[in-house]
Each structure stands twice: as C-alpha cells, then as structure tokens.
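Order of the sequence lines fixes the chain letters, A, B, ..., with proteins taken first and strands second; residue numbering starts at 1 for each chain. Every heavy atom of this structure was used, including side-chain atoms; hydrogens, water molecules and symmetry mates were not. As the structure is a computational prediction, the values presented were derived from the model and not from experiment.
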Amino acid sequence: IEIQAGIRYYYGKV
Amino acid sequence: MLELRLVQGSLLKKVLESIKDLVNDANFDCSATGFSLQAMDSSHVALVALLLRSEGFEHYRCDRNMSMGMNLNNMAKMLKCAGNDDIITPSRPMMAVTPSPSCSKVQVRFTCCFAQDKIADFEMKLMDIDSEHLGIPEAEYHAIVRMPSSEFSRICKDLSSIGDTVVISVTKEGVRFSTRGDIGTANVVCRQNTTVDKPEEATIIEMNEPVSLTFALRYMNSFTKATPLSNTVTISLSSELPVVVEYKIAEMGYVRFYLAPKIED
C-alpha cells in the first residue's frame with residue numbers, strides 16, 4: 001500500500 | 001518603505017494565477033535582493049517557492065526586510081483588474097509606523113499603458129500569517145528533465161482522466177509517465193530530443209541514475225497552472241526527495257513546486 005508522504009518529512013523548519 | 005514598479009503587469013497576474021489554488025494565504029517576504037514567497041498547501045504535501053529578483057523590476061526599493069501576509073485569492077482578484085500591459089506598483093509606505101501587521105494594508109496601483117491619464121488605485125488588507133519556513137538545501141538529483149511546459153501540462157491532464165497517480169520514471173530510454181485506473185492504463189514516453197527548431201521545444205534528460213517515483217496527479221495538474229510563465233519546465237527527481245517542478249520567470253526568478261511522493265507503507 002502506498003501512502004502520501006508530507007513535505008515536512010524531507011525538509012525541516014528553519 | 002517598500003516600492004516596486006513592474007512594467008509587465010501580466011507577469012504578476014500569471015504568478016498569482018499559478019499558485020492561488022494551491023495556497024490560500026502566504027507571506028510575501030521583501031528584502032533588498034527581491035521579493036519571495038514560500039508556502040505549503042493546506043495538507044502539507046506540496047510546497048511553492050517563488051523568487052522575483054529586484055533586478056527584474058523597473059524600480060525596486062525595500063529599506064528593510066518585511067513580510068506581507070496576503071490572501072492570494074484576494075490578491076489575484078485585484079490583479080485581474082489590471083490589463084496585461086499595465087504597469088503595476090505595489091507599495092507599503094506605512095510599514096514603519098504601523099503598530100500591528102494585522103491591521104496594515106498594501107496599496108497597489110495599476111497605470112494603464114495606453115492611456116496615461118488612467119490610474120487605478122487599490123488597497124488590500126494584509127493578514128497576520130503564522131507560517132513556518134522550511135529549509136530547502138541544495139541537492140543532487142538522480143535525474144533532471146527539461147521539456148516544453150505545454151507538453152508536460154498535456155501529459156498531466158491526459159493521464160488524470162485515467163488515473164489518480166502518475167509514476168514518473170527516468171531510464172536510458174527516456175522519461176516515462178504512467179498511470180492506471182479502473183478503465184485501464186496509460187504510458188507516455190518522452191525521449192531526449194535536441195534536434196528541434198527552437199531550443200524551448202527540446203526535451204533534455206540528464207540522468208545520473210535511474211529513478212522512479214509516484215505522485216498524486218491532482219497536485220501535478222495544479223502546478224501546470226504556471227505554464228503561461230515559461231515555455232519550458234524542469235522536473236528534478238531523486239528517490240530521497242520531493243520532486244521539484246520549476247518554471248523559470250524570464251530574467252527575474254522562478255516558481256518552484258515541491259511535491260512529496262507516495263511511498264510504500
């Protein structure tokens with residue numbers, strides 16, 4: 001099953 | 001004090017049209033180097049990054065860094081009142097003395113290019129937006145595809161009538177866009193093609209290693225609203241990162257859309 005990843009999984013808060 | 005003068009008003013109209021459906025509210029960050037925006041969509045799956053460098057404006061003055069929170073649909077409504085060739089001059093003269101950003105406004109003036117005696121002034125309320133800024137480091141991508149933006153738009157539109165997701169695969173063969181749905185499957189392969197009359201019609205594929213990722217077509221179709229900004233689109237793919245779909249804005253900057261892939265649970 002594929003799930004939608006979120007942007008925050010890849011990029012952190014500055 | 002912020003003063004901008006953009007002779008080609010259509011450019012700002014196109015920028016707003018390209019991002020307003022993805023992002024409702026966003027902070028426009030102004031500094032001496034230019035005008036930028038970074039915002040995620042409400043589900044935090046996609047991110048848009050806009051840059052308009054100060055050199056691209058006929059006049060640009062920004063005395064100190066400031067952030068202007070705007071409702072993008074409202075801004076787009078105001079810009080729709082401008083003719084494509086009108087000169088647009090947004091300004092925010094009261095910034096230094098306004099106590100709270102939430103009650104301040106941005107003034108936007110459209111000067112008709114044909115009738116110098118017609119000037120339209122608009123004033124839009126700014127919003128206090130608590131947005132988080134994400135750090136996007138420079139990265140190496142497994143594959144970078146440059147192709148005509150109209151072609152990419154067509155592929156996304158066609159595939160979305162068949163399926164909900166697109167698998168973008170880059171191999172030695174070329175770049176493959178695939179989908180599947182209840183009615184069947186679709187595959188579109190674009191091979192590298194540099195023997196074209198105009199450089200913007202070329203498809204150029206730089207591949208360091210093969211890559212294959214799955215994305216929601218709904219977002220890809222939203223990104224293609226930026227097609228009027230540029231004849232070409234650049235798609236950067238890496239198995240460890242969101243895809244970057246970039247539309248360059250001639251001599252001024254870019255609109256980049258980042259989209260997180262669908263991954264195996």
Side-chain angles (χ1 to χ4, degrees), chain A, chain B residues 22-23 27 29 36 38-49 65 67 130-141 163-168 178-180 212-220 223 236-245 256-265:
Chain A
I1 303 164
E2 284 185 324
I3 56 160
Q4 175 64 63
I7 280 286
R8 284 207 202 90
Y9 179 74
Y10 301 93
Y11 301 130
K13 220 170 176 177
V14 177
Chain B
L22 195 67
V23 177
N27 282 317
D29 299 314
S36 65
Q38 191 204 81
M40 281 186 278
D41 78 299
S42 59
S43 57
H44 296 176
V45 167
L47 180 142
V48 55
N65 293 359
S67 207
D130 185 21
S131 71
E132 62 182 302
H133 204 86
L134 300 183
I136 302 172
E138 285 289 313
E140 288 282 318
Y141 284 90
D164 297 329
T165 59
V166 58
V167 180
I168 306 180
S178 318
T179 193
R180 67 173 57 239
S212 182
L213 289 158
T214 306
F215 301 101
L217 271 167
R218 183 166 69 87
Y219 288 97
M220 285 291 178
F223 303 163
S236 303
L237 296 145
S238 166
S239 55
E240 285 110 43
L241 290 169
V243 63
V244 189
V245 179
R256 286 180 188 154
F257 299 100
Y258 297 79
L259 177 61
K262 293 205 170 233
I263 52 176
E264 292 290 329
D265 191 11

Please report the interatomic distance CG(B:L259) to CD(A:Q4), rounded to the nearest 0.5 Å. 6.0 Å
Ring geometry between B:F257 and B:F223 (parallel below 30°, tilted from 30 to 60°, perpendicular above 60°): parallel
Tell me, out of B:S43, B:A216, B:A46, who's got the most heavy-atom pairs with chain A below 4.5 Å. B:A46
Drop me the distance from B:H133's NE2 to B:L47's CG, to the nearest 0.5 angstrom. 8.5 Å
Interatomic distance, B:Y258 atom OH to A:I7 atom CD1 [nearest 0.5 angstrom]: 9.0 Å
Side chain from CB out, backbone as N, CA, C, O: work out which of these in B:T165 comes under 4.5 Å of a heavy atom of chain A, or both, or neither. neither
Heavy-atom contact with chain B under 4.5 Å, split by part of A:Y11: both
